[in-house]
Amino acid sequence: MLVALGMTGLVAVLVRLKGAAGVEPHSGGWRELTSADLE
Amino acid sequence: MTQVAVVGVGTTGSHAARQLTQLALASLVIDDDDRRREARVAKAVATTLGRDAIGRGLSDHRDHPDVVVLCTPAGTHHRLATIWLQRGAHVVSISDDPEEVAALLDLDAVARQHDRALVAGAGFAPGLSCVLARFAALDLDAVEVISVYTAGTGGPACARQHHRALKRPGRDWIDGEWVLRRGGSGRDLAWFPDPFGARDCYRGALASPLLLQRVFPEARRISARIAASRRDRLTIRLPMLRPPHRDGGPGGIRVEVRGRRADAVETRILGVMDHPSVAAGTMAAVAVAEVLDGRIGAGASGLADHDDPKRLLRELRRRGVRAAEFSGVPEIAGA
């Protein structure tokens, strides 16, 4: 029983630490601000 | 005869000192409890400013600095700021501890009484994060949501503060009140400017919301998250298990500001990818220049209070810290 609970807890910790893979929710990209943007 | 003093020349302070040599200073005083480090940084900056212009060890009776830049570990700034304001110096602090930043803002009356400026949170985040948020809000009629994400650390003191921040609760501004959120919770994947990429970010005791809420009290939600690795999260309740890196860079800032322009909802996303120690030191030096030029008035304030964020970003850009804007369109799932 204790072993089962321990294993469950360990798996839960690992899953929580690993998390889900993320995907960028946008298309597009980063553009450096130019002098014109900052005038 | 302008004199500036940098107190604490660790990783970030040494970058601040190097950046300050670009200002027309009569003298620059380097002060650190570690005398060897103090000597090393003084020698390095002397090559630019000249040996006669560099002083070592800030002395109460010998030195009368116009500005004191506090780059010591978080937790030491309030005492030093009080002392130097009362001695007639402007103070620029890079502390990122929210409780200390709040305490620094509470020195407003002291700063005004002595007709001096106290700039709180003039580093990476808060600091550069505040400038980016203010810039992003320029074209909006009303700001509704501000989300700040940061990744990376400066020197060892910054890494220790990062560790502390993750295990302490953070304050989010939600619908007109501060709400305590558990540190290390609220995973959110944030994309930083290339090539830094994506990092999982979590809540923690972070100071940016505090400084932004002063300026955007009408916002419904202001929050901040900080990137953490799996090991950071696993050891969140433990002391740091190994000495931190000398420089925890590179890192990044991502600031999302959502608001209204005319009748439309608009979101602007600004970011920076740089070494946090370099960007924080540069930000502090730019803040010093603004104080010396009289563009930051008497009293305690943050950099979000500055009414010309474009000017600050121009100055940062000139010094090599370059901001970027994410321009994209939402993708329809499955499309």
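First the proteins, then the strands, lettered A, B, ... as listed; each starts at 1. Heavy-atom basis, side chains included; hydrogens, waters and symmetry copies ignored.
Residue Phe192(B) comes nearest to Trp30(A) through the heavy atom pair O-NE1, 3.3 Å, listed as atom of the first residue, atom of the second, then distance. What you find for Phe135(B) and Leu38(A) is that their closest heavy atoms are CE1-CD2, 3.9 Å.
Within the 4.5 angstrom heavy-atom criterion, only side-chain atoms of Arg322(B), from C-beta onward, approach chain A. Residue contact with chain A, scored on non-hydrogen atoms closer than 4.5 Å, involves the backbone and the side chain of Ala323(B) alike. At a 4.5 Å heavy-atom cutoff, Leu138(B) makes no contact with chain A through either its backbone or its side chain.
For the pair Glu32(A)/Pro193(B), no side-chain contact is recorded, criterion being any heavy-atom separation below 4.5 Å from C-beta on.
For the atom pair CG (Leu33(A)) and CZ (Arg314(B)), the distance works out to 12.0 Å, reported to the nearest 0.5 Å.
No more than 12 heavy atoms of other residues, nucleotides or ligands shown are found within 6.0 angstrom of CZ on Arg221(B).
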